[in-house]
Amino acid sequence: MTERNSAAQHAATSNRRGFLERVATAGIASGIAAVLGERSVAQRVTAKPATDRDPFEFDPENDPDETFPQSIASGGPTSNGVILWTRIDPAAYEPSEPLAFEIATDEAFENVVSDGIVGAESISPEHDYTVNLDLDGELESNGRYHYRFVYDGVASRTGRCRTLPATGADLDSLSLAVLTCQDYQNGYYGAYAHLAESDVDFLVHMGDFIYESADGQYTSPTADVYDGREIELPSGSPLAETLDDFRHLYTVYRADPLLQRGLEQHTLIAGWDDHEIGNNWWWDDEQDAPRLPEKDRGDDPEFTIDVAANGIQAWIEYMPCRVEYDPDATELHEQLQLWRSIEFGDLATLVRTDERLYRDGPPCGEQRITCDNEDAPNRTMLGDEQREWFLETVTTDDARWTVWANEVLTTPITAGKGYWQTEFIHDSWDGFQAERETLMTTIADADVRNFVTLSGDLHCSIAGYQRTTYNEWWWVDSDPVGVELMTPSITSVNAADVVDFPGDVDDDAVAGLVRSSNPHMEFVNWHKHGYAVVEFTRDDCTYTVYEVDKTVDSEAAAKRQIAAYRIPDGKIDLEELDVRADANYIDVDSEGKAVTVNGTGETGVEATNESETAPDPPTGEGWRDDP
Ligand SMILES: [Fe+2]
C-alpha cells in the first residue's frame, strides 16, 4: 500500500468497522452529536458462500441498465487494489440476493484473478443500495484489469481499473486527467465520453462533482437549465439538505451515460470542493459547525451539521474513494479525513488537501473592496493539523514530481496596486494570504525538486507561477516556488456562458486583462470548458488543456486542444508548446454527425494526432454501443 498518510493507512479498517457495525446512539449527549450518531454506512465483501445457484451466472441478453442504473466505477487505487463501486436499482433489489464480482486481466474474463460475493446483508436501502468493495491486497501493482458485477442473473457493463505502481518502483510516465466543476444543469458530459477513449492513467477529480442545486441557481444568468437537466429534490428544497436530497443528486449525475463511460474506463482519485455540501461553505469555530452561506438556516449549527453530514454520507456512499471515514465519530472533523497522499512509484507523489472542512470564513464577510483582513496571520484554510501534515509530506517527498491536488486557486487574482489592490476571490487562497506565504516559504526553503499544483474550482484554465510573496506595491515578485495548473470546468458557468463573441476575441481580451494585473500568470482562458491532462515523465511535466463542447449531449461533442505547456525537470519554467493546430480533433457537422477535422478546419482528414485521436471504443460484453 502506498498511501503514506497514516490515517489513510487504516482507512480500510476504519471503513470496515463502520460498514459492519450499526452506529450506537446510546450515550450521545448533545443533539448535534446525535445527528451524526444516527448514521450508518455499510458495504463489504464477504467470502464466497456455497449456494445452489451460481451467483456468477448471467444472461447476456439482460439489460445492465435496469439492474445497475448508475453503472459501475472504480477508485481509491493502492499498489495492490482498488475500490469497485456499483448500485443496485431499488426495483431490482432482492433482500436475500448476493452480488458477485469478477476481476480479470482480459476483457473476456478468461483469466479471472479475483472474484467473490458481497453478501446480501451488505446491500440495503440503509445505504441507498450502493456498494463500495475494497479489494486492497487482492491485485498486482501497476496492473490493468477488467471487472464486472453480477446480480440476480444480470451482468453489469464491463469496466477497466488499474492499480498504483509498487512503492518506490521505477516509473517512466504518468498521465492524469484533471477534472472539476460539472454542474449537471449547466451542460452535458461529452468530456467524459472523450476521456473514456483517452489513454490517461487515472482521473483526478478536484471537486464539485455534484452541485447541491436543483433550481439552476449556479447556471448562467443569461441561460436556462439545459434541456433534460431538470432536477427535483425529494425535500422540495432548491438546495440539497436531507440525505435523500444528496443521494438523489448522485443518482441523477451518475445515471448520465456519458459520465458513466468515463468512469467505467478509468480509476478515479476523488476529492471534493464546496458544492458537495454547499456553495462557499466554511467552518465556524465559534459555533463549532459549518456555515452555509446560501441556505436560509445556514448559520444554525444543528441544521448545518446535519446538512454537511448528509452530504458527506452521500459522498462516501457514491464515490469510490479511499479516505478515512468513521461514522461512529461525534464530530465532523473526526468523521471524515479527506487529506491524504498517493505515491506513483518514484515518479510522482500526489498530495491531496481538504480546503473546506477546516477553513475560516471570508476575511471581511461580504465586503471586498476595502477588506484588509485577508492577510491576517491567524487565518487558515487547512487547519493546524492538516497544514503540518501537508508541509511534512511535501518537504520530505523524494519523488521526482511533488504534486499538490489543491481545490482552489493558490495564486493571486487581483486588480490595482497598493491601497487600491482588490482581490476578486476571497474564497480562494487570496483570502488566506498569510497561510499561503507560510506554505510557499516552507516549500521554497525545503528545495523540493519539482513542485506542481493542480487546481480546480474557478471554472477557467490557468498556468502560472507560485511565489512566496506577490508584491502588492511594486511590479516585482519573489522567486518562483512552483507552477500552478488549473483545469477548466467541465460544464459549470464561465465567462462564455454569460457573454461569448465569435472566435477567441473575448477569450484573449479577458486573458489580457487578467494577466496585465497578475503577471505571475502565463496563460488564462475563461471561456472554454473541458479538462486538462497533466503528464509526468523523468524529463518534464506537460499540461494540455482540451476544450469540449458542453452544449451537445453526445459522445461526438467537439474537442480541441487549446493550450499546452511544458515544465522541464529541475526548472520552474512554463514553456509554451504549439497548440496542435495541425492535429486532428473530433467535431460535429451541421447534421450532428461526428467528423474528423484538422486545425485548418478541413474535415474528413486522416487522423494524425496519435496520442489524442480517439481509438476504437472497446468492444465486447458490456460496452455501450448507443449512448
Ligand atoms: Fe465549481
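The first residue of the sequence shown is numbered 1, and numbering continues consecutively from there. Order of listing sets the numbers, starting from 1, for every ligand and every atom in it. Since this is a predicted model, take the numbers as computed values, not measurements. The analysis underlying the following values was restricted to heavy atoms, covering all of them including side chains, and did not include hydrogens, waters or symmetry mates.
Once rounded to the nearest 0.5 Å, the distance linking OG1 of Thr180 with CG of Asp208 reads 5.5 Å. Asn494 contributes atom CG, which lies 8.0 Å from atom CG of Asn525 (distance to the nearest 0.5 angstrom). The distance from atom CD of Glu212 to atom CG of Asn310, rounded to the nearest 0.5 Å, is 13.0 Å.
Aromatic rings from Trp526 and His459 are positioned such that their centres are separated by 6.0 Å or more. Centroid-to-centroid, the aromatic rings of His275 and Tyr218 come within less than 6.0 Å.
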Trace of the side-chain contact (heavy atoms from CB on, under 4.5 Å) decision for Val323 with Trp315: CA-CA 11 Å; Val323 296; Trp315 186 77; 4.0 Å; yes

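Ordered by chain and number, Cys181 SG, Asp208 OD2, Tyr211 OH, His459 NE2 make up the set of protein N, O or S atoms under 2.8 Å of the Fe ion (ligand 1).
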